[in-house]
There are 2 protein chains.
Amino acid sequence: MANPAKFNRDTVVSLACDLFWKKGFHATSTRDLQDAIDLRPGSIYAAFGNKQGLYTEALRHYANKMDDLLESCLEQHDSVIEGLKTFTKSALIDETEQQSCDQCMLIKATSEFKHEYPELKSLSESLLVEFETRLAQLFAQAIDAGELPKNGKAIDYARHFQIHFIGLRSYAARVTDKSLIDSLIEKMFDAVKA
Amino acid sequence: MANPAKFNRDTVVSLACDLFWKKGFHATSTRDLQDAIDLRPGSIYAAFGNKQGLYTEALRHYANKMDDLLESCLEQHDSVIEGLKTFTKSALIDETEQQSCDQCMLIKATSEFKHEYPELKSLSESLLVEFETRLAQLFAQAIDAGELPKNGKAIDYARHFQIHFIGLRSYAARVTDKSLIDSLIEKMFDAVKA
DNA sequence: ACTATAATTGAACAATTGCTCAACTAGGAA
DNA sequence: TTCCTAGTTGAGCAATTGTTCAATTATAGT
């Protein structure tokens with residue numbers, strides 16, 4: 001291999017992810033991307049094919065990042081529910097503070113590609129289904145461990161969690177007082193146990 | 001007034017609203033709009049100034065439409081809570097079926113204009129605040145009427161409703177089985193009363 | 001019928017878009 | 001050292017973007 005690439009692919013994808021997340025696919029121009037990732041068009045198109053190709057990797061990167069955050073939060077607690085609470089606070093408070101990205105990028109993507117770009121539509125949908133599946137696994141675990149009543153269904157808990165999570169995220173985006181969000185998350189988890 | 005306008009402004013704004021709602025501001029080109037509302041650039045720019053001007057009216061139109069729906073649902077019931085439930089079902093099931101617009105246009109707008117177009121950002125935010133205020137009014141009414149426990153706060157109910165509403169709407173967008181959404185709305189209102 | 005004025009038209013502008021490609025550069029293998 | 005190949009560069013393309021405007025059309029008031 002002569003003259004190997006000078007850029008780090010992960011770094012580039014991560015930077016592109018931040019920009020796409022913030023501005024959305026359509027509002028992000030290839031010039032914006034060139035500046036953000038410090039690569040000339042030739043390199044970008046050689047490495048990723050086109051704008052959609054880079055977006056695809058950026059979206060996958062986002063999903064992986066969320067998965068990693070979830071798993072690391074779970075490791076911090078013996079209780080699955082406590083792990084999920086830490087994850088929620090981390091995603092809705094810490095992350096929105098530093099990134100100021102209001103919505104989950106996957107939700108933004110499903111909305112943006114509802115009527116166009118079928119590949120991106122199905123990718124974002126399947127990443128969301130993957131996440132729901134993981135949540136259902138975790139709630140099944142919590143039921144087994146006696147953290148939640150035995151008569152509850154894991155998939156119902158998973159659905160309820162997502163609905164609350166997405167709604168809260170949207171609300172957190174337009175509220176400056178993060179202690180309010182914190183107390184709403186506490187309420188959310190009190191309600192889950194009941 | 002010589003040669004009065006041949007188009008109906010409300011109709012035009014309503015058609016523009018549907019397109020902007022579906023595709024978002026950035027993904028909607030002025031050519032798309034010209035086709036949808038059947039007007040040539042000159043007429044559009046004479047009537048609305050620019051793309052942003054038309055979008056502004058479209059967003060206001062959307063907020064009014066939602067208000068009208070809410071009020072008409074409230075009129076159908078003596079109970080405020082039952083009125084809100086009918087509104088929720090109407091917005092999340094009936095409307096998404098015919099329009100296939102996944103998200104609340106106001107939420108989409110706040111997300112799209114978080115870092116650009118400050119006028120549209122503050123407009124969408126203030127329309128959301130207006131809606132929250134109306135909800136708080138209604139929950140105060142429900143508390144007074146004895147529909148909800150006296151020790152609850154109207155603003156807390158309003159917040160909880162919005163979070164659940166937005167989360168459910170997002171979930172409804174990627175679920176084909178509308179009876180599941182119906183049962184989730186029923187659960188949502190059971191939880192409110194408790 | 002005439003006129004003044006407002007609305008409509010569509011060609012065309014400059015800017016921006018996603019993307020290409022020929023020329024150039026750099027480093028591993030011979 | 002000399003290739004050969006893979007990576008980089010940036011000028012620039014064709015298409016699309018938001019917008020303008022002179023010419024045209026239509027009508028309410030005289």
Side-chain angles (χ1 to χ4, degrees), chain A residues 1-59 109 112-113 115-121 123, chain B residues 1-59 109 112-113 115-121 123:
Chain A
M1 197 177 296
N3 193 19
K6 269 130 209 95
F7 66 90
N8 179 292
R9 195 176 182 96
D10 280 347
T11 312
V12 161
V13 169
S14 176
L15 287 168
C17 176
D18 288 347
L19 195 66
F20 274 132
W21 186 9
K22 195 161 74 167
K23 305 190 69 170
F25 180 78
H26 285 101
T28 305
S29 75
T30 50
R31 259 79 171 178
D32 290 339
L33 285 167
Q34 285 168 41
D35 292 346
I37 68 183
D38 193 32
L39 282 179
R40 262 40 62 201
S43 300
I44 298 175
Y45 284 81
F48 302 98
N50 53 24
K51 187 186 174 185
Q52 185 176 336
L54 179 51
Y55 185 91
T56 301
E57 284 206 34
L59 198 64
E112 207 166 4
F113 307 120
H115 311 277
E116 290 173 317
Y117 296 88
E119 303 94 342
L120 295 179
K121 172 184 150 83
L123 172 64
Chain B
M1 196 178 293
N3 196 19
K6 271 132 208 93
F7 66 90
N8 179 292
R9 196 178 181 95
D10 279 348
T11 312
V12 160
V13 169
S14 175
L15 288 168
C17 177
D18 288 348
L19 195 66
F20 274 132
W21 186 10
K22 194 161 74 168
K23 305 190 71 170
F25 180 79
H26 286 101
T28 305
S29 75
T30 50
R31 261 76 172 178
D32 290 339
L33 285 166
Q34 286 167 41
D35 292 346
I37 69 183
D38 192 32
L39 281 180
R40 264 38 66 200
S43 299
I44 298 176
Y45 283 80
F48 302 99
N50 55 23
K51 186 185 176 185
Q52 185 177 338
L54 179 51
Y55 185 90
T56 301
E57 284 205 34
L59 198 65
E112 207 166 4
F113 306 120
H115 310 278
E116 289 172 318
Y117 296 88
E119 302 93 342
L120 295 179
K121 172 184 149 83
L123 173 64

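What you see is a predicted model; the values in this text were computed from it and never measured. Throughout, a chain's letter reflects where its sequence line sits, starting with A, and its residues are numbered from 1. The figures here come from the full heavy-atom set of this structure, side chains too, leaving out hydrogens, waters and symmetry mates.
Contact of the B:Y117 side chain with the B:L123 side chain is not registered, since no non-hydrogen atoms from C-beta on lie closer than 4.5 Å. Side-chain contact between A:D38 and A:R40: present, with at least one pair of heavy atoms (C-beta onward) separated by less than 4.5 Å. Side-chain contact between A:Q52 and A:T56 is present, with at least one heavy-atom pair separated by less than 4.5 Å.
Using a 4.0 Å heavy-atom criterion, one finds that B:F7 contacts the sugar-phosphate atoms exclusively.
Looking at which nucleotide of DNA chain D each of A:L39 and A:R31 is closest to, the 5′-most match is held by A:L39. Nearer the 5' end of DNA chain C, as judged by each residue's closest nucleotide, is the contact made by B:A46, out of B:A46 and A:P41. In terms of position along DNA chain D, the nucleotide closest to B:Q34 lies nearer the 5' end than the nucleotide closest to the other residue of the pair B:K6 and B:Q34.
Rounded to whole Å, the distance from CG on B:N8 to P on C:dA7 is 15 Å. Whole-Å rounding puts the A:N50 CG to C:dC21 C1' distance at 17 Å. Atom CG of A:D32 is separated from atom P of C:dT17 by 7 Å (rounded to the nearest Å). One interatomic measurement links the two molecules: CG of B:D35 to P of D:dT16, which rounds to 13 Å at whole-angstrom precision. Look at NZ on A:K51: it is 9 Å from P on C:dT17, rounded to the nearest Å. Atom pair B:I37:CD1 and C:dA7:C1' shows a separation of 14 Å (rounding to whole Å applied). What separates CZ of A:F48 from C1' of C:dT20 is a distance of 18 Å, to the nearest Å. Atom NE2 in A:H26 sits roughly 13 Å away from atom C1' in D:dT16 (whole-Å rounding).
Taking only side-chain atoms of B:S29, from C-beta outward, the nucleotide of D:dA11, C:dG18, D:dT17 with the closest atom is D:dT17. In this structure, the nucleotide among C:dC19, D:dT9, C:dA12 sitting nearest to the side chain of A:R40 is D:dT9. For B:Y45, counting side-chain heavy atoms from C-beta on, the closest listed nucleotide (D:dG18, C:dT9, C:dG27) is D:dG18.
Between A:F25 and A:F20, the ring planes are parallel. Angles under 30° get that label, and only those over 60° would be called perpendicular. Ring planes of B:F113 and B:H26: tilted class, angle from 30 to 60°.
Remark: A:S43 is in phosphate contact with D:dT8, judged by side-chain N or O atoms under 4.0 Å from OP1 or OP2.
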